[in-house]
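Notes to accompany the following structure.
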Amino acid sequence: EFKLDFVAAASRPPSVYRGNPFIIEVVMGYGGELPSNQPAKIMRFANRVPLLYQAASCATTKASQKIDWRHYGIEQQGHTPYGPLVIGIHMASVWIPYVTEAKEAIDPYPEIIKQVRLALQDCARKLQRYISGKRRAHESEQRQSLFEKYIPEAADALAKLSDVDKVKIRTGLEKILKKGKVVVEEP
């Protein structure tokens, strides 16, 4: 459904709330064709059934609001992450503690919020590594293009100082720059 540049998933070990076992699974997708000027899309599921309403009172939303997304390189406005990000949160349990009989939101038990937050942070750390790698590659390309821009001037100046042929110096500098090029592979 989404065309993404990066996907990270995390599954927490089984935990217990009020004697009922549960497991939390989270997936994050970043980039691609997602809009970069809108809040992140958060999709909530309980036993593979989508939760469409009452997002504000759901444990998954409360857990995502407790995270400072800026630490992970993701923009944040208020408590909501912004940018080309989609988050899927799933809770599997033999007994889902819904807020109402309508089964529209998960009751925010502290144990559930903690496990959702930890899974979100695990995925966010993976995403942070991807974002910082892309940023470093972009900065490296900018530095190299800056050096390429000034090679002719540097070759002229070095030729005047050293009485060596300008073309020879220029080819040598270009060769050095090509050796230093960084090739970044997309994960």
Counting only heavy atoms not in [X], do more than 12 sit closer than 6.0 Å to its [atom1] atom?
X	atom1	value
F147	CZ	no
F2	CZ	yes
Q65	CD	yes
K114	NZ	no

Using the rule that Ile, Leu, Val, Met, Phe, Trp and Tyr join whenever any side-chain heavy atoms are under 4.5 Å apart, tell me whether [X] and [Y] fall into a single cluster.
X	Y	value
L34	M43	yes
I131	M28	yes
Y109	V99	no
I89	I113	no
W69	I42	yes

Short side-chain to backbone donor-acceptor contact, [X] and [Y], under 3.5 Å:
X	Y	result
K126	A9	yes
S132	Q128	yes
R170	A154	no
Q76	G78	yes
S93	P21	yes
D122	A10	no
T61	A55	yes

Quick one: closest heavy-atom pair of [X] and [Y], and the distance?
X	Y	value
R12	I23	O-CG1, 3.1 Å
L51	C58	CD1-SG, 4.3 Å
A63	L120	C-CD1, 4.3 Å
M91	P97	CE-CD, 3.9 Å
Q77	Y82	OE1-CZ, 3.1 Å
P13	Q115	O-OE1, 4.3 Å

Measuring from atom [atom1] of [X] to atom [atom2] of [Y], what distance do you get when rounded to the nearest 0.5 angstrom?
X	Y	atom1	atom2	answer
D107	T100	CG	OG1	10.0 Å
E75	N37	CD	CG	9.5 Å
K62	H79	NZ	NE2	10.5 Å
R135	S140	CZ	OG	12.5 Å
K149	Q144	NZ	CD	15.5 Å
Y30	L4	OH	CG	11.5 Å

Do the non-hydrogen side-chain atoms of [X] and [Y] ever get within less than 4.5 Å of each other?
X	Y	result
E104	Y98	no
F22	I112	yes
N47	I96	yes
I151	E174	yes

Query raised in the report: Can you check side-chain hydrogen bond (donor to acceptor under 3.5 Å, both in side chains) on E25 and H90, steps first, answer last?
Result: CA-CA 5 Å; E25 301 166 325; H90 176 248; 2.8 Å; yes
Query raised in the report: Does the pair I87 and K41 meet the rule for a side chain to side chain contact (heavy atoms under 4.5 Å, CB included), with working shown?
Result: CA-CA 6 Å; I87 302 170; K41 181 178 174 101; over 6 Å; no
Report task. Take the angle between the ring planes of Y130 and F6 and call it parallel below 30°, perpendicular above 60°, tilted in between. Result -> parallel
Query raised in the report: Among I67, V26, V116, whose side chain to side chain contact (heavy atoms under 4.5 Å, CB included) with Q121 holds?
Result: I67
Query - Check against side chain to side chain contact (heavy atoms under 4.5 Å, CB included), S162 and I169 - result: CA-CA 10 Å; S162 65; I169 293 174; 4.0 Å; yes
